[in-house]
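Atom set for the values below is all heavy atoms of this structure, side chains included, hydrogens, waters and symmetry mates excluded.
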Amino acid sequence: MDNIVDYIKTQIETIVSQSVKDLMVKGIFPEFELTGVNVEIPREKGRGEFSANTAMQITKKVGKPPRMVAEEIIKNMKLEDSYIERVECAGPGFMNFYLKKDWLTDALKLIEEKGADYGKINFGKGKRVMVEFVSANPTGPLHMGNARGGALGDCIASVLEAAGYDVTREFYVNDAGNQMEIFGRSLEARFIQEIRGEDAVEFPEDGYFGEDIKERAREYIKEYGQDLIKQPSEIIRKTLADYALEKNLKSIKEALGYYGINFDVWFREKSLYESGAIEDTLNYLKNNGFTVEKDGALWLSAEAAGIEKDEVLVRANGLCTYFAADIAYHRNKFVDRGFDWVINLWGADHHGHVARMKAAMKALEIDPDKLDIVLFQLVRLYRNGEIARMSKRTGKSISLMDLLDEVGRDAARFFFNLKTSGSHLDFDLDLAVSQSNENPVFYVQYAHARICSMLSLLEGEGLRVPLAKEVDFSLLDSKEERELMTKLAELPEEIKSSAVTLEPSRLTRYLMDTAGLFHSFYNACRIKGEKKELAEARLFLAAQTKTVLGNVLRLLSISAPERM
């Protein structure tokens, strides 16, 4: 057993289902098919650990008021060999389940047994999942959208791994198409200007105006000299674009590595052209009636694909659109590499692209439900209560590396996962570096460090953490102790829920809740000076809290300090 909450939910489902079946056999309920039992954790405390609304779901089939149905089901339940102590009917027909204390004891024993693996479950059963995220345009440095998408994507991947999926992290390198043409022309102009002066050539109107383009031109000249200027324009552009692309990718990899993100695959868009994957995909769509030709271009047919309007695949000049490459790329993910599930993280401005990508998957006979798109909102940085646009260090717009230099990796990753992906995020730079309880990452890390210091101090005084078999768990009976134990028991279920919803923000909230409950326990329940049996029981609980906090922090690639 790796998830005691899920195990108990299954027990309740079985007990309720069996009670309903027995009532049918007895003739108290008419024959019908019970399609499922919905078991939830009640929002209000004091209503039991779990609740089921089955009576209200089947009241029409039974032909009795829901409360009467609930009372009949409860009366016929067989609770032997289960964690359930008693069941009560509440309100219009809810069944509230109160558990024996054994479940919390067994949860603490499970934490001791699993250690660093506590929280990991086999919900995914090895299903192959690709998480594609960041995939920044390699023509420039990583910005705040990449920073949030990076933290979200990496934590989603980590959550899925903890939930038992076989996960691949992938970065899609946009090294083909129109943006590379613009990149090459921009570099060529800066290269010529560096050698012959700014008036020697006009900079392209649609070019990339960033300082990094100038820097790459200068670096090339410093490394290889000026001889390239003698070559035809086409060769100059390609040479500079190839040179700058690899430099930029190296910088991107270094920045992401510093951020705690390491990709398994760096997939080159160019390979789709070189392998013929785009041509094959377009031919497939043509041959199966999903394209239409008009205005000299090739379009994905709105009528055939079930989308609002025709979408260009190949322009009149013969160049493929980004959409065409993207369709071929996703066909490669599903068909060529055989992923069972693909998750993409896109900025919210790409919301219009979701429906047409799913329609394209259906046209390729790929189940569109196997493709999930997580859209994330923009980030606003604040410093001294005002929107911050410039880096303290460089005086330029804030890049990922600037942010990491200012607040550190731990704070950046924690803050970017504080809210759901679909929520706008206001990032308080001052709060992120403050050493106060108002700073959530400090608050959580301090709880972990506090436990480590306490364990070390008490060990020096001869009080060590006992083994579970040596603990009298009946002594852990205060409100603070029970609430903390309950929260620790919920971690595997939280990981499961985070994997299902693709929302790692559940885990940052879980960390803050757990830290808060530990601080309450620490203030209310003394260890030093208590009788040996009680001191050891509380010490054991503190040690398991340390394990849980450390496991979740490391899952999110945030450090778990032992001193602060």
Side-chain angles (χ1 to χ4, degrees), residues 130 132-133 135-139 145 170-185 204-208 237 241 267-339 341-375:
M130 179 209 280
E132 186 228 318
F133 58 107
S135 297
N137 193 329
T139 59
E170 182 151 306
F171 187 112
Y172 182 56
V173 181
N174 302 118
D175 60 350
N178 193 47
Q179 74 271 11
M180 291 307 294
E181 289 287 327
I182 298 170
F183 191 45
R185 285 191 279 109
E205 282 186 21
D206 62 347
Y208 297 129
R237 292 175 185 178
F267 189 96
R268 302 278 185 140
E269 181 184 353
K270 189 190 295 183
S271 70
L272 296 170
Y273 290 87
E274 294 172 344
S275 67
I278 293 178
E279 186 180 355
D280 288 347
T281 301
L282 291 174
N283 286 335
Y284 182 95
L285 293 172
K286 284 181 196 173
N287 295 337
N288 286 276
F290 285 98
T291 60
V292 60
E293 292 187 28
K294 60 179 181 178
D295 304 326
L298 183 70
W299 305 65
L300 181 68
S301 167
E303 184 179 354
I307 51 180
E308 288 186 5
K309 60 186 180 68
D310 296 341
E311 299 286 350
V312 183
L313 298 172
V314 182
R315 298 185 184 92
N317 60 9
L319 294 177
C320 290
T321 62
Y322 181 84
F323 184 37
D326 214 14
I327 296 172
Y329 175 42
H330 283 78
R331 188 179 184 217
N332 171 276
K333 292 179 181 183
F334 285 112
V335 178
D336 297 348
R337 289 188 281 164
F339 284 100
W341 185 17
V342 170
I343 300 161
N344 296 338
L345 280 94
W346 296 345
D349 56 332
H350 288 74
H351 72 277
H353 191 45
V354 176
R356 64 179 187 167
M357 271 308 302
K358 284 184 169 279
M361 293 303 96
K362 191 173 182 180
L364 294 172
E365 295 187 319
I366 296 166
D367 182 357
D369 289 338
K370 290 184 176 182
L371 173 64
D372 271 311
I373 313 295
V374 176
L375 297 173

Novice: Ignoring hydrogens and angles, tell me if any N or O in the side chain of Asn283 forms a donor-acceptor pair with the backbone of Glu279 under 3.5 Å.
Specialist: yes

Novice: Please report the shortest heavy-atom distance between Ala363 and Leu285, naming the atom on each side.
Specialist: CB-CD2, 3.9 Å

Novice: Could you label the plane-to-plane angle of the Tyr322 and Tyr172 rings as parallel, tilted or perpendicular, counting under 30° as parallel and over 60° as perpendicular?
Specialist: perpendicular

Novice: Which atom names give the shortest non-hydrogen contact between Ala277 and Ala328, and what distance separates them?
Specialist: O-CB, 3.9 Å

Novice: Can you find a heavy atom in the side chain of Leu298 that is under 4.5 Å from one in the side chain of Lys286?
Specialist: yes

Novice: Quick check against the 3.5 Å criterion: does Asn288 have a side-chain atom that pairs as donor or acceptor with the backbone of Phe290?
Specialist: no

Novice: For the CG atom of Asn332 and the CG atom of Asp280, what is their distance to the nearest 0.5 Å?
Specialist: 11.5 Å

Novice: Hey, does the side chain of Thr321 reach the backbone of Val314 with a donor-acceptor pair shorter than 3.5 angstrom?
Specialist: no

Novice: side-chain hydrogen bond (donor to acceptor under 3.5 Å, both in side chains) for His350 and Asn344? Distances and angles first, verdict last.
Specialist: CA-CA 11 Å; His350 288 74; Asn344 296 338; over 6 Å; no

Novice: Kindly compute the distance separating CD1 (Ile343) from NZ (Lys370), expressed to the nearest 0.5 Å.
Specialist: 13.5 Å

Novice: If you define the side chain from C-beta out and look only at heavy atoms, does anything of Val312 sit under 4.5 Å from Phe323?
Specialist: no

Novice: So does Ile373 get a backbone contact from the side chain of Trp346, meaning a donor-acceptor N/O pair under 3.5 Å?
Specialist: no

Novice: Kindly compute the distance separating CZ (Phe334) from CE (Met130), expressed to the nearest 0.5 Å.
Specialist: 8.5 Å

Novice: Indicate the atoms forming the closest heavy-atom contact of Gly184 with Ala241, along with that distance.
Specialist: CA-CB, 4.2 Å

Novice: Are the side chains of Tyr208 and Gln179 in contact, using a 4.5 Å heavy-atom criterion?
Specialist: yes

Novice: Let's go through Val292 and Glu303 carefully: what are the C-alpha distance in whole Å and the side-chain angles of both, what is the deciding distance for side-chain contact (heavy atoms from CB on, under 4.5 Å) to 0.1 Å, and is it a yes or a no?
Specialist: CA-CA 10 Å; Val292 60; Glu303 184 179 354; over 6 Å; no

Novice: Is the closest side-chain heavy-atom distance between Lys333 and Glu132 below 4.5 Å?
Specialist: yes

Novice: Under 3.5 Å, side chain of Lys358 to main-chain N/O of Leu371, donor-acceptor pair present?
Specialist: yes

Novice: When Arg331 is tested against each of Ile278, Leu364, Leu272 for side chain to side chain contact (heavy atoms under 4.5 Å, CB included), which residue passes?
Specialist: Leu364

Novice: I'd like to check Met361 versus Asp367 (side-chain heavy atoms, cut-off strictly below 4.5 Å). Are they in contact?
Specialist: no

Novice: State the OG1-CG distance between Thr291 and Asp310, to the nearest 0.5 angstrom.
Specialist: 10.0 Å

Novice: Under 3.5 Å, side chain of Glu365 to main-chain N/O of Lys362, donor-acceptor pair present?
Specialist: no

Novice: Only one of Lys294, Glu293, Glu311 clears side chain to side chain contact (heavy atoms under 4.5 Å, CB included) with Trp299; which?
Specialist: Lys294

Novice: Does Asn137 use its side chain to pair, donor to acceptor, with the backbone of Thr139 at less than 3.5 Å?
Specialist: yes

Novice: What's the shortest heavy-atom distance between Ala176 and Tyr273, and which atoms?
Specialist: CB-CE1, 3.7 Å

Novice: Does atom CD of Glu181 have more than 12 heavy-atom neighbours, drawn from other residues, nucleotides or ligands, at distances under 6.0 Å?
Specialist: no

Novice: Which pair of heavy atoms, one from Arg315 and one from Ala297, lies closest together, and at what distance?
Specialist: C-CB, 4.0 Å

Novice: Judged by atom type as modelled, is there a donor-acceptor pair below 3.5 Å linking the side chain of Asp175 to the main-chain atoms of Lys270?
Specialist: yes

Novice: What is the minimum heavy-atom distance between Ala359 and Ala305, and which atoms define it?
Specialist: CB-O, 3.5 Å

Novice: Measure the shortest side-chain to side-chain distance between Leu282 and Cys320 over non-hydrogen atoms and say whether it is less than 4.5 angstrom.
Specialist: yes

Novice: For the OH atom of Tyr329 and the CG atom of Asn174, what is their distance to the nearest 0.5 Å?
Specialist: 9.5 Å

Novice: Is a side-chain donor or acceptor of Glu269 paired with a backbone partner of Ala325 at a separation under 3.5 angstrom?
Specialist: no

Novice: State, yes or no, whether a side-chain contact exists between Leu319 and Asn178 at a heavy-atom distance under 4.5 Å.
Specialist: no

